[in-house]
Amino acid sequence: MEGLMMDYPLTTTTILEYGNRAFHHKRVISHLPDGTRHEYSFGDLYRRCKQLANALANTLGIEPGDMVGTFAWNHYQHLELYYGIPGIGAVCHTINIRLSPQQTEFIINHSEDKVIFVDATLVPLLEKIAPQLETVEKYIIVNAASGFQTTLSNTMHYEALLENQSEDFTWPQLDENEACGMCYTSGTTGLPKGVLYSHRSTYLHASTILSPNAANCSNQDVMLLIVPQFHVMAWGFPYMCVLAGADMVMPSLHLQPEALIRILQEEKVTKANGVPTIWLGVYEAMKKNPPKERLALEEYLVGGSALPASLIEGFERDFGIRGVQAWGMTETSPLGTVARIQPKHASMNQKEQLTIRAKQGIEFPGIEMRIVKDDGTIAPRDGKTMGELQVKGAWVLRSYFKTMNKEQFTEDGWFKTGDVSTIDMDGYMHITDRTKDLIKSGGEWISSVALESALMSHPKIREAAVIAIPDDTWSERPLACIVLTNENEKVSKEEMMEFLSRDFVKYQIPEHYVFIAQVPRTSVGKFDKKEIRRLYAEGKLA
């Protein structure tokens, strides 16, 4: 027997309509690439999204199911594309601006983008590959200064496209299971793979992550969206903020620590997101030049890689700002867990609480997790037994775009993440490593993530990445790549080994250390272990 409830579609258009009805006065603030500040309301966003919808359908000839690419920074125009494109039944394909030309070419051809909206500052990146792009019919230039010129053919400026378009548009009736957006994985282990999000998955993800146990976002907040809009739909925050009625601050290309601190101060930001490397830079800059007035920032949500306990502790001790660890993947829309302590932890000391907060956390409602051991059995939730993390849920992919990749899914429908993890009795998941990053030395496993976190708690170390290098005796041994806080200081191998001996047994401690200026990054700001392994593949440390 079916329930007698309305069939109310969970779509991105539903989000936009709600935001306009309930929070039309709330703000979208953009610090644009040219340094100017732009501010308008959710009501203005709504009207311009309708103008964009008319332009897409009537001027550009975009039809339901068409792929429309965006190659842009975080700003209000990109936000309009997030709603206008899926609103007419097309797919908003956010293209990672930091991939190689070869990967970008592959992605655009593989997705069959019909039109690409591109920031003027990023046009040179597309000019290099435009002759190889097989399906792109037109380029729409965003934020172009007067006199802007390009070798791209069939171009039009964004504001000219919207000019004279009607604000009257009737959204088509969309099936909530239709595609609304797509993002490709960063391709660190082969060609990038497309993850195609549905309206339903996007709505459920956004409505869940605004909750107190997750991002804890409300109409009282001013949210700084540092995570790029080209990366997993900016973690769903552009949808979440409209549902929550939170003011949005978009920094575009102004991502250096000093610029972010200035934006945090000027806009009185209360919450923000970003990868750990961003917040490490902000913390170091604030330590060198403390703000004259305490920031309004209450907490920052971190994902992408592990948030070091030392950074959580330092930010809270020195500036009263909480760090909150989350976890997710492109394949999980992306957020799947968050680590917040509960009343039962109140009696613990600070170090014990930090241990919990540095874990990846508890799954959200709508997400299920399990740990599978090497023998295929399900691991107990004891916080000790390691295995591969597998997930399923309302916003987890069931297949890649145009690609089967059956080996990443179990027969009973779980997605294999490749993360080696534990889950404790309270449900807190802790990633100990990626399967490809584990170090097997003399038959024993060593966690590179645990070593990195410990090394970054050393007062003289800013960043650390650990990989496996060949060893004649033990097969593999860990190599620690170190970035010092002060390049003029020296840290000896013996000092490092003694420091690590507090938390690790002898076989786990690296004997090999190299000092570098910066840890290589992936396109989304994570440590690029693939590049480090390439540099030291043969164990050549000189």
Would you say F401 and V195 make side-chain contact, with heavy atoms under 4.5 Å?
no
Decide yes or no for F527 and R521: does some side-chain heavy atom of the first lie under 4.5 Å from some side-chain heavy atom of the second?
yes
Please state whether the rings of Y283 and F315 are parallel, tilted or perpendicular, taking 30° and 60° as the class boundaries.
tilted
Judged by atom type as modelled, is there a donor-acceptor pair below 3.5 Å linking the side chain of S310 to the main-chain atoms of M456?
yes
Any non-hydrogen side-chain atom of T208 less than 4.5 Å from a side-chain atom of P365?
yes
Please confirm whether the ring centroid of Y184 lies under 6.0 Å from the ring centroid of H93.
yes
Do T94 and M233 come within less than 4.5 Å of each other through their side chains, counting heavy atoms only?
yes
Rounded at 0.5 Å granularity, tell me how far CG in L125 sits from CG in L99.
10.5 Å
Do the side-chain N and O atoms of D412 and T410 include a donor-acceptor pair separated by under 3.5 angstrom?
yes
Side chains of T70 and H78: do they bring a donor and an acceptor to under 3.5 Å?
yes
Indicate yes or no: does K529 engage E452 in a salt bridge with an N to O separation below 4.0 Å.
yes
Verify the distance criterion only: is there a donor paired with an acceptor across the side chains of D528 and T522 at less than 3.5 Å?
no
Within a strict 4.5 Å, meaning less than it, do heavy atoms of the F515 and C481 side chains meet?
no
Mind checking whether F364 and L335 have side chains closer than 4.5 Å, heavy atoms only?
yes
S201 (side chain) donor-acceptor with A394 (main chain) under 3.5 angstrom
no
If you measure from OG on S30 to CE on M248, what distance do you get to the nearest 0.5 Å?
9.0 Å
About how many Å separate CD1 of I423 and CD1 of I362, when rounded to the nearest 0.5 Å?
10.5 Å
Would you say K402's side chain and H110's backbone share a donor-acceptor pair under 3.5 angstrom?
yes
Is NZ or CZ of R502 both nearer than 6.0 Å to the six-membered ring centre of F499 and within 45° of the ring axis?
yes
Side-chain H-bond candidate by donor/acceptor type, D119 with H75, under 3.5 Å
yes
Carefully, step by step, assess E495 and Y513 under the rule side chain to side chain donor-acceptor pair (under 3.5 Å).
CA-CA 11 Å; E495 183 180 348; Y513 300 83; over 6 Å; no
Donor-acceptor pair, side chain of R357 and main chain of I312, under 3.5 angstrom
no
Measuring only between side-chain heavy atoms, which start at C-beta, is Y536 closer than 4.5 Å to I467?
yes
With rounding to the nearest 0.5 Å, note down the distance linking CE in M223 to OG in S218.
9.0 Å
With I371, the side-chain contact (heavy atoms from CB on, under 4.5 Å) member among L389, V420, T385, T422
L389
Polar contact flag, side-chain donor to acceptor under 3.5 angstrom, H31-E267
yes
Against D426, only a single residue in R340, K344, K359 fulfils salt bridge (charged side-chain N to carboxylate O under 4.0 Å, His left out); can you say which?
K344
For residues F409 and K416, determine if any side-chain heavy atom of one lies less than 4.5 Å from a side-chain heavy atom of the other.
no
Smallest separation among heavy atoms of N216 and E299, with atom names:
CB-OE2, 4.3 Å
Is the centre of the H205 ring less than 6.0 Å from the centre of the Y239 ring?
no
Would you say T202's side chain and S198's backbone share a donor-acceptor pair under 3.5 angstrom?
yes
Got a donor-acceptor contact below 3.5 angstrom from the N74 side chain to the P251 backbone?
no
Would you say the side-chain atoms of E331 and Y400 include a donor-acceptor pair closer than 3.5 Å?
yes
Measuring from atom OG of S441 to atom CD1 of I439, what distance do you get when rounded to the nearest 0.5 angstrom?
8.5 Å
Working to the nearest 0.5 Å, report the span between NE2 of H231 and CZ of R98.
10.5 Å
Can you confirm whether the side chains of W73 and T121 place a donor and an acceptor under 3.5 Å from each other?
yes
Q325 side-chain N/O to Q360 backbone N/O, donor-acceptor pair under 3.5 Å
no
Test W327 against every option in T337, T332, T417, D419 by the side-chain hydrogen bond (donor to acceptor under 3.5 Å, both in side chains) rule and name the one that passes.
D419
